[in-house]
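These figures come from a predicted structure and were not determined experimentally. Residue numbering restarts at 1 for every chain, and letters A, B, ... go by the order of the sequence lines.
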There are 2 protein chains.
Amino acid sequence: MNIKEASEKTGVSSAAIRYYEKESLIPPIDRTEVGNRDIDARIIRRIKFVTQMRAAGMSIENLRRYIELFDAQEDNTKEQKALLQEQLAVMEEKRDDLQAAIDHLNYKLNHFYDHMQETEEELRELEKQHAAKVERENNEAD
Amino acid sequence: MNIKEASEKTGVSSAAIRYYEKESLIPPIDRTEVGNRDIDARIIRRIKFVTQMRAAGMSIENLRRYIELFDAQEDNTKEQKALLQEQLAVMEEKRDDLQAAIDHLNYKLNHFYDHMQETEEELRELEKQHAAKVERENNEAD
DNA sequence: TTAAACCTTAATGTGTACTTCAAGGCAAGT
DNA sequence: ACTTGCCTTGAAGTACACATTAAGGTTTAA
């Protein structure tokens, strides 16, 4: 499969695929006799994984560190698990931040009748959310 | 309250607060006689709102459009509701993308024993997730 | 009165994650 | 022979969201 087909299959631009290879987010890609990239299912999977993590807000640099560790020959099981769990925690916090913002907008939508954007209700709601977050963080710290 | 105190109270840098004012994400801030910003609770609330939406991945430009519409005198109720709902949809999709990535990493963590990063199981898992997403999108289109 | 610690604006710099451009090669069709 | 359409690399350009710097003003405290 050439790079254009791979691009169509993954929804990632050809330039971005080259960029990912250069940045070692995906392994070195095999070449044909004339030097063109020949992309197989394994590379496609890796591109899709990169896409999914990028969509989740993981930076290129963190993604590279992450992948480097996983691709290394040595048995890094412990560090790998720790890294996975760290990344999971980051993503769960992001998800919760998103959910808080969603809740906020839903609150606005449900209290639309009173031209609400700076009402006391909203203030209390925001502070309630903040207090809840602080409490969650305190619980985590235990 | 001067800009430094506001910065400490919100966790947003002074430069960022000035930037937000310039970009009309927050209303024009009152000045003291000598021209320094004098920030009150209302502005603090607006800064916190901006922070929350930024954390949820909303761009400055969309946030400005959004806020402009809400601050306008005319009764834009319909457009405002539509805008709110649109933004909610975007954020819910983001949240779901994040959840998918979380699921993926959890899957990795749970199947750690077999050096899993490119197994057939993982491939099937990714495709399952993709199929589920496609189905969700089809349902939305109804 | 001089330094410290705030503040102002305007301009310029920075990091990220690509995209686009320039210059060229290869292979097929007309 | 030439256009079309793919590919290559390296360099330069772009958009976003600020951060930093420059040049200056005010207030307080030694």
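- Side-chain N/O atoms of B:R37 include none lying less than 4.0 angstrom from OP1 or OP2 on C:dC7.
- In this structure, B:T32 reaches neither bases nor backbone, as no heavy-atom distance under 4.0 Å exists between it and the strands shown.
- Side-chain N or O atoms of A:D40 include one that pairs as donor or acceptor with a backbone N or O of A:I43 at under 3.5 Å.
- Two residues, B:I60 and B:E33, neighbour DNA chain D, and the one matched to the more 5' nucleotide by heavy-atom proximity is B:I60.
- The closest donor-acceptor contact from the side chain of B:Q52 to the backbone of B:F49 lies at 3.5 Å or more, if one exists at all.
- Rounded to whole angstrom, the span from the OH atom of A:Y20 across to the P atom of C:dT16 amounts to 15 Å.
- If you check C:dC6, C:dT8, C:dC18 against the side chain of B:N36, the one that comes closest is C:dT8.
- If you take CD1 of B:I39 and C1' of C:dT8, they are 13 Å apart, rounded to a whole angstrom.
- Atom P of nucleotide C:dA17 and atom CD of A:E23 are separated by 9 Å, given to the nearest angstrom.
- Within the structure, every side-chain polar atom (N or O) of A:R64 is placed at least 4.0 Å from both OP1 and OP2 of C:dT16.
- Atom-to-atom distance recorded for B:I60:CD1 and B:R65:CZ is 12.5 Å, nearest 0.5 angstrom.
- Between the B:E21 side chain and the B:R18 main chain, no donor and acceptor come within less than 3.5 Å of each other.
- Using a 4.0 Å heavy-atom criterion, one finds that B:S13 contacts the sugar-phosphate atoms exclusively.
- A:A15 comes within 4.0 angstrom of a nucleotide base, judged by non-hydrogen atoms across all strands.
- Nucleotides of DNA chain D that come within less than 4.0 Å of any heavy atom of chain B span, from the 5' end to the 3' end, D:dA17 to D:dT27.
- Here the straight-line distance linking atom CD1 of A:I29 with atom CD1 of A:I17 works out to 7.0 Å at 0.5 Å rounding.
- The CG-P distance, from B:D38 to C:dT8, rounds to 11 Å in whole Å.
- Between A:R54 and C:dC18 there is a side-chain N or O to OP1 or OP2 distance below 4.0 Å.
- Across the protein-nucleic acid pair, A:M58 atom CE and C:dT16 atom P stand 15 Å apart, rounded to whole Å.
- Contacts of B:R18 with the nucleic acid, taken as non-hydrogen atoms under 4.0 Å apart, include base atoms.
- Across all strands shown, A:S59 has heavy atoms under 4.0 Å from sugar-phosphate atoms exclusively, and none from any base.
- When rounded to the nearest whole Å, the span between NZ of A:K22 and C1' of C:dA17 equals 12 Å.
- Although no hydrogens or angles enter the test, the distance criterion places no donor-acceptor pair under 3.5 Å between the side chain of A:N36 and the main chain of A:T32.
- Formation of a donor-acceptor pair under 3.5 Å by the A:E79 side chain with backbone atoms of A:L69 is not found in this model.
- When distances run from any side-chain atom of B:N2 to the nucleotides C:dT9, C:dT19, C:dC7, the shortest one goes to C:dC7.
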